[in-house]
Amino acid sequence: MAAKYRAVIVGCGQIGQHHARGYAGAEGIDLIAVAEPNERVRGEFQKQFEVPKGYADFQEMLEKERPDLVSICTWHLLHAPQTIAAAEYRPKAILCEKPMSVGTEGADQMIEACESRGVKLAIGHQRRFYASWTKARELAAAGAVGTPQMVTAKSGEGLLNCGTHVVDAMRYMLGDPETAWVMSAVERKTDRYEREVQIEDRCMGLIGFENGSQAFIQSDLTKEWTVENYHIQGTDGVIEVSSQTVKLLNGKSHGWEVMEPEYRDPWVEQARDLVRWVEGGNGHRGEARQARKTVEILMAIYQSARDHEVVRMPLKETGYPMDLMVAEGKLPVEEPGKYDIRVFLTFDPEERKRYNELRRQGMRPREILKTMEK
Ligand SMILES: NC(=O)c1ccc[n+]([C@@H]2O[C@H](COP(=O)([O-])OP(=O)(O)OC[C@H]3O[C@@H](n4cnc5c(N)ncnc54)[C@H](O)[C@@H]3O)[C@@H](O)[C@H]2O)c1
């Protein structure tokens, strides 16, 4: 029997593979086509996931296939234009990767393009489907640590890259409170990019929510970071969260109470939630209106550094404050030489092997790229 929903993927890179796995694991979805300009990558992907059709051009694919579900798995700067273009073909839903957009303007345009055409739009913050994170959210909401005061986490490899997951996770665990203000510090002394977007060398941001709770993110300040670990401090206890475990300490717990809720593949759950939403379910856990609030915080972290003051929401700047700060000469580069910490994704397999080997030896991306003359 034919599956109920016909899905396509735009971009056959590393994250496109996870979307393919997610669709395969969810019920009632057939991955019928992919769009990818790189012929070798497209061919290998089609073979691996048994996808019947492949296109070099995503609009040609959308025109010919008229799919129900569209995954946008390309680099950040393509998320807004490709989502807006895909909405024209009125699929039932679009699942676009994070970060939703670079600047809030793109996010607003994506929402408008989709909502005005009856297209549901979700963003790939798939970690919202970790059972442990949901357990932490439930514990915090139930008052297991009294009133949550502060959630903290360490991130790295760019605020827009991994930091988007971290900010989104902190919001999720606190029950998605509305943001009141953001205050930050940002350093950029090298000409650092991530997937073609100018980024900081390091930064930190303090986020104040309307309910009085706060979140603190530090990014690229230490080598020891992971987007998986969170610490929630409440008036009467503490919750420690990882991708699989939740630890609770409060006046009743007699030491750490360790919980391990059953792990479910977040990519499959994300795809299942899309189907539930399309079939009339109430919202998607990663829906665009939530992700837009995460984008606003990320942009406010940059804007606060740009203005040297607390940014009160709503954020007025709709562009990308990092680009604006650089153009205004506010972040002079002291070590010239543009480099992109994700450019290795474009390397052929042999080059990628060499890059990964040097990375394993502890060399920094910038030095490796210099060695490889990239
Ligand atoms: N949700 C997550 O946990 C997670 C993890 C990693 C990456 N991502 C996000 O996924 C996105 C893609 O990252 P990636 O690591 O998969 O990159 P990648 O380089 O591995 O894959 C991107 C692919 O898109 C293709 N592409 C480029 N232009 C295209 C076009 N016009 N039409 C169709 N395909 C095109 C490229 O050739 C490449 O194969 C990024 O925005 C990244 O932030 C999300």
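Every number for a ligand or one of its atoms is a count from 1 in the order of the listing.
- Considering Q82, E36, H125 only, the shortest heavy-atom separation from atom 25 (C) of ligand 1 involves E36.
- Shortest contact from atom 14 (P) of ligand 1 to any protein heavy atom: Q14 CG, 3.6 Å.
- The protein atom (non-hydrogen) at minimum distance from atom 22 (C) of ligand 1 is C73 O, 3.7 Å.
- Proximity of L78 to ligand 1, defined as any heavy-atom pair under 4.0 Å, is confined to the side chain (atoms from C-beta onward).
- Atoms of ligand 1 lying under 4.0 Å from at least one heavy atom of Q126, given by number and element, are 1 (N), 2 (C), 3 (O).
- Aromatic pair Y302/Y320: ring centres closer than 6.0 Å.
- Looking only at heavy atoms of the protein, atom 11 (C) of ligand 1 is closest to T74 O, 3.1 Å.
- When only non-hydrogen protein atoms are considered, atom 43 (O) of ligand 1 lies nearest to K98 O, 2.8 Å.
- Every heavy atom of F347 sits 4.0 Å or more from the atoms of ligand 1.
- Of the protein's heavy atoms, E97 OE1, 3.0 Å lies nearest to atom 44 (C) of ligand 1.
- Residue G124 places at least one N or O, backbone or side chain, under 3.5 Å from an N or O of ligand 1.
- Nearest to atom 26 (N) of ligand 1 by heavy atom, out of P37, C162, P266, is P37.
- Separation of atoms SG (C162) and NZ (K98) is listed at 6.0 Å; rounding is to 0.5 Å.
- Distance from atom 4 (C) of ligand 1 to its nearest protein heavy atom, with residue and atom name: I15 CD1, 3.3 Å.
- A salt bridge does not link E287 with R128: every distance from a Lys NZ or Arg NE/NH1/NH2 to an Asp or Glu carboxylate oxygen is 4.0 Å or more.
- With respect to atom 21 (O) of ligand 1, the closest heavy atom belonging to the protein is G13 CA, 3.2 Å.
- Remark: minimum distance from atom 24 (O) of ligand 1 to any protein heavy atom is reached at G11 CA, 3.5 Å.
- There is a side-chain donor-acceptor pair under 3.5 Å between T294 and R171.
- F129 and H284 have their aromatic ring centers within a separation under 6.0 angstrom.
- Of the candidates Q17, H165, R195, it is H165 that places a heavy atom closest to atom 2 (C) of ligand 1.
- In this comparison of Y55, F344, W75, W267, the heavy atom closest to atom 18 (P) of ligand 1 sits on W75.
- Among Y230, Y263, Y172, the one residue that satisfies the ring pair (Phe, Tyr, Trp, His ring centres under 6.0 Å) test with W133 is Y230.
- The shortest separation from a heavy atom of R342 to ligand 1 is not under 4.0 Å, leaving the residue out of contact.
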